S.K.: 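Questions regarding the structure given below will be posed in turn.
Since the structure is predicted, the reported quantities are computational estimates derived from the model, not experimental observations.
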Amino acid sequence: MEDFNEKKFTVVKNHTAQAGSIKQEEPFATNKIRLSGLDLARLEDLMEVWGEKKFRASQISSWLYTKNAKNFDEMTDIKKELREKLKDEAYISDVTIKKKQISADGTLKYLLEYKDKNTAECVLMRFDNRANLTACVSSQIGCAMGCKFCATGQRGIIRNLEPYEILEQILTIQRDTGLKVTNVVFMGQGEPFNNYNNMMEAIRLINSCLMIGIRRITVSTCGIVPKIYDISEEDLVPTLAISLHAPNSGLRSQIMPVEKRYNIEDLKKALKFYTEKTGKRVTLEYVLIGKLTDTRKCAMELAHFMKDLKCNVNLIPYNPVNGALEFKKPDKKDVMKFKFILEASGKKVTVRLERGADIDAACGQLRGRDCG
Ligand code: SAH
Ligand code: SF4
């Protein structure tokens with residue numbers, strides 16, 4: 001089997017990035033082939049090598065990605081012989097649910113365990129008034145960027161997630177709930193642009209296997225400027241959200257170390273490039289920290305910053321994080337005043353609903369630990 005993997009999954013070159021970047025290293029406890037993360041082209045390769053008809057690949061793909069099969073016995077329209085071969089020589093996934101929490105508002109948080117025993121969270125948000133089901137996925141275990149207000153940032157970086165490990169977060173939610181995820185936001189643990197190639201491959205898989213439209217996929221970054229230029233030139237360009245969080249360099253560098261490397265003016269140039277190149281609007285995320293970033297002065301400066309940028313603004317009232325005692329939640333009236341000033345400048349402003357704060361699933365509260 002190892003030979004087969006070598007031959008088929010590392011040598012095949014003609015399926016470009018999709019095929020090449022899925023590595024079958026250290027198959028799960030055996031020499032079996034992991035199916036999760038193989039797109040249709042790769043499943044077709046597998047069927048060809050097994051001497052099976054091509055259409056079997058579409059059947060398997062549909063069981064894996066549309067019908068959310070948990071085992072091969074469920075794949076009833078696949079002939080018994082092939083099901084037995086699948087059982088002998090393949091497995092679906094090596095990712096398990098270590099813990100599941102349900103918030104009073106219906107938000108679900110999963111702690112997933114990967115085959116090396118590292119863990120990361122994903123969250124499913126339901127909004128009562130909309131049919132959308134949004135999965136918030138992690139791109140790394142931990143994060144190296146060290147933003148002062150963020151629980152993930154306090155943990156440091158452990159490792160990048162592989163493309164299938166990102167895809168599996170959505171599949172796990174679908175298998176567990178029986179629901180179809182309609183939107184994906186890369187707003188869990190990690191800085192997606194520090195894991196750029198795996199993130200892009202995961203986006204391709206989410207788009208082609210799960211059939212989630214690229215306009216329904218959003219990537220949030222703290223502002224890794226060169227990668228903003230790169231993503232603007234991709235064939236598949238997701239919606240971009242930028243963790244701005246302060247309207248000027250001085251304040252931003254107090255709370256976000258990334259500002260010292262890529263400053264707010266260069267960030268703005270990159271955002272203009274993105275909007276011009278792709279025709280898309282960017283979302284500016286702005287965390288309102290009581291008496292620090294929620295002031296009238298900040299609102300005026302932010303309004304000025306946004307003036308010539310094709311953007312929306314998403315205000316996120318700060319969620320308290322252990323260890324960041326110097327920061328407080330904003331007063332409700334200051335949130336409303338801030339919103340009012342920005343709206344007066346003609347931009348669409350939303351205030352992010354606090355989802356799942358009771359289970360530490362809200363923005364910035366994820367840190368991949370069992371203790372919640
Ligand atoms: N690393 C990426 C993706 C994480 S998205 C990024 O920073 O954009 C998570 C969002 O929640 C980011 O906008 C992040 O800045 C914000 N956030 C982090 N800690 C928070 C907190 N304590 N309260 C509110 N928002 C927070
Ligand atoms: Fe990393 Fe984003 Fe948290 Fe900053 S806000 S530490 S970039 S996860």
S.K.: Does a donor on one side chain and an acceptor on the other come within less than 3.5 Å for Asn68 and Trp63?
M.R.: no

S.K.: Examine distances only and state if a side-chain atom of Arg252 and a backbone atom of Leu244 form a donor-acceptor pair shorter than 3.5 Å.
M.R.: yes

S.K.: Under 3.5 Å, is there a donor-acceptor pair linking the side chains of Asn132 and Thr134?
M.R.: no

S.K.: Do Asp116 and Arg159 meet the salt-bridge criterion of a basic N to acidic O distance under 4.0 Å?
M.R.: yes

S.K.: Is the NZ atom of Lys180 crowded by more than 12 outside heavy atoms at less than 6.0 Å?
M.R.: yes

S.K.: What I want to check is whether the side chains of Asp230 and Tyr196 have a donor and an acceptor closer together than 3.5 Å.
M.R.: no

S.K.: Hey, does Asn248 have a side-chain heavy atom less than 4.5 Å from the side chain of Glu301?
M.R.: yes

S.K.: Does the Lys310 side chain pair with the main chain of Lys272, one donor and one acceptor, at a distance under 3.5 Å?
M.R.: no

S.K.: Check Glu233 with Lys277, please: is the shortest side-chain N to carboxylate O separation under 4.0 Å?
M.R.: yes

S.K.: Given side chains that start at C-beta, do those of Ile203 and Met199 come closer than 4.5 Å, heavy atoms only?
M.R.: yes

S.K.: Does a salt bridge link Glu168 with Arg175, judged by any charged N lying under 4.0 Å from a carboxylate O?
M.R.: yes

S.K.: List the atom pairs, with distances to 0.1 Å, where a side-chain N or O of residues 331-340 and a protein N or O form a donor-acceptor pair under 3.5 Å, not counting sequence neighbours.
M.R.:
residue : atom : partner : partner atom : Å
Asp331  : OD2  : Lys291  : NZ           : 3.4
Asp334  : OD2  : Lys291  : NZ           : 3.1
Lys339  : NZ   : Glu343  : OE2          : 3.1

S.K.: Looking at side-chain heavy atoms only, is the closest gap between Leu302 and Tyr286 below 4.5 Å?
M.R.: yes

S.K.: Could you tell me whether a side-chain N or O of Arg126 sits under 3.5 Å from a main-chain N or O of Gly106, the two making a donor and an acceptor?
M.R.: yes

S.K.: Below 4.5 Å, heavy atoms only, C-beta onward: do Val321 and Phe149 meet side chain to side chain?
M.R.: no

S.K.: Main chain of Leu288, side chain of Asp294: is a donor-acceptor contact present, judged purely on distance under 3.5 Å?
M.R.: no

S.K.: Does Val287 offer a backbone N or O that forms a donor-acceptor pair with the side chain of Thr293 under 3.5 Å?
M.R.: yes

S.K.: Can you confirm if the NZ or CZ of Lys268 lies within 45° of the ring axis of Phe305 and under 6.0 Å from the centre of its six-membered ring?
M.R.: yes

S.K.: For Lys54, look at atom NZ and say whether over 12 heavy atoms of other residues, nucleotides or ligands are found less than 6.0 Å away.
M.R.: no

S.K.: Which one of Val258, Ile231, Ile242 satisfies the side chain to side chain contact (heavy atoms under 4.5 Å, CB included) criterion with Thr221?
M.R.: Ile242

S.K.: Val184, Ile214: one ILVMFWY side-chain cluster at the under-4.5 Å cut-off?
M.R.: yes

S.K.: Give a yes-or-no answer on whether the side chains of Gln140 and Gln189 include a donor-acceptor pair shorter than 3.5 Å.
M.R.: no

S.K.: Any donor and acceptor pair, going by atom type alone, linking the side chain of Arg83 with main-chain N or O of Ile78 inside 3.5 Å?
M.R.: yes

S.K.: Surrounding CG of Asp235 (heavy atoms of other residues, nucleotides or ligands, distance under 6.0 Å), is the total greater than 12?
M.R.: no

S.K.: Under 6.0 Å from the CD atom of Glu326, do we count more than 12 heavy atoms belonging to anything else shown?
M.R.: yes

S.K.: Taking Gln174 for the side chain and Val181 for the main chain, is one N or O donor matched with an acceptor at less than 3.5 Å?
M.R.: yes

S.K.: Do you see a donor-acceptor pair shorter than 3.5 Å between the side chains of Glu259 and Ser249?
M.R.: yes

S.K.: Who pairs with Lys280 by side-chain contact (heavy atoms from CB on, under 4.5 Å), at least two apart in sequence or on another chain?
M.R.: Arg215, Val237, Thr239, Tyr274, Thr278

S.K.: Applying the 4.5 Å side-chain criterion to the ILVMFWY set and letting contacts propagate, would Met300 and Met306 be lumped into a single cluster?
M.R.: no

S.K.: Inspect the contact between Glu162 and Lys115 and indicate whether a charged nitrogen and a carboxylate oxygen are less than 4.0 angstrom apart.
M.R.: no

S.K.: Does atom NZ of Lys307 have more than 12 heavy-atom neighbours from other groups under 6.0 Å away?
M.R.: no

S.K.: In terms of side-chain geometry, is the basic nitrogen of Lys87 or Asp73 positioned less than 4.0 Å from the acidic oxygen of its partner?
M.R.: yes

S.K.: Just say parallel, tilted or perpendicular for the rings of Phe327 and Tyr318, cut-offs at 30° and 60°.
M.R.: perpendicular

S.K.: Can you hop from Ile206 to Tyr114 via hydrophobic side chains spaced under 4.5 Å?
M.R.: yes

S.K.: Can you confirm whether the side chains of Asn314 and Thr350 place a donor and an acceptor under 3.5 Å from each other?
M.R.: yes

S.K.: Just checking Lys53: does its NZ atom have more than 12 heavy atoms from other residues, nucleotides or ligands closer to it than 6.0 angstrom?
M.R.: no

S.K.: Can you sort out the partners of Tyr262 under side chain to side chain donor-acceptor pair (under 3.5 Å), two or more places apart, ordered by chain and number?
M.R.: none

S.K.: Within the distance-only criterion (no hydrogens, no angle test), does the side chain of Glu52 pair as donor or acceptor with the backbone N or O of Glu48 below 3.5 angstrom?
M.R.: no

S.K.: To the nearest 0.5 Å, tell me how far Asn160 CG sits from Glu191 CD.
M.R.: 11.0 Å

S.K.: Does Ile158 have any side-chain contact (heavy atoms from CB on, under 4.5 Å) partners at least two apart in sequence or in another chain, and if so, which?
M.R.: Asn118, Ile141, Arg155

S.K.: So, Glu121 side chain and Lys109 main chain: donor-acceptor pair closer than 3.5 Å or not?
M.R.: no

S.K.: State, with a plain yes or no, whether a side-chain heavy atom of Ile212 is found less than 4.5 Å away from one of Thr182.
M.R.: no

S.K.: Supply the atom-to-atom distance Ser36 OG to Asp94 CG, rounded to the nearest 0.5 angstrom.
M.R.: 8.0 Å

S.K.: In this structure, would Leu40 and Met47 fall into the same cluster of hydrophobic residues linked by side-chain contacts under 4.5 Å?
M.R.: no

S.K.: My understanding is that only residues two or more places apart in sequence, or in another chain, count here; which of them pass salt bridge (Lys or Arg N to Asp or Glu O under 4.0 Å) with Lys269?
M.R.: Asp266

S.K.: Do Ser220 and Glu285 have side-chain atoms, one donor and one acceptor, less than 3.5 Å apart?
M.R.: yes

S.K.: Not counting sequence neighbours, which residues clear side-chain contact (heavy atoms from CB on, under 4.5 Å) with Gln254? List them please.
M.R.: Leu251, Leu292

S.K.: One thing to verify: whether Lys117 and Glu113 come together as a salt bridge, which I'm taking to mean a side-chain N less than 4.0 angstrom from a carboxylate O.
M.R.: yes

S.K.: If we ignore hydrogens and angles and just use 3.5 Å, is the side chain of Glu201 paired with the main-chain N or O of Asn198 as donor and acceptor?
M.R.: no

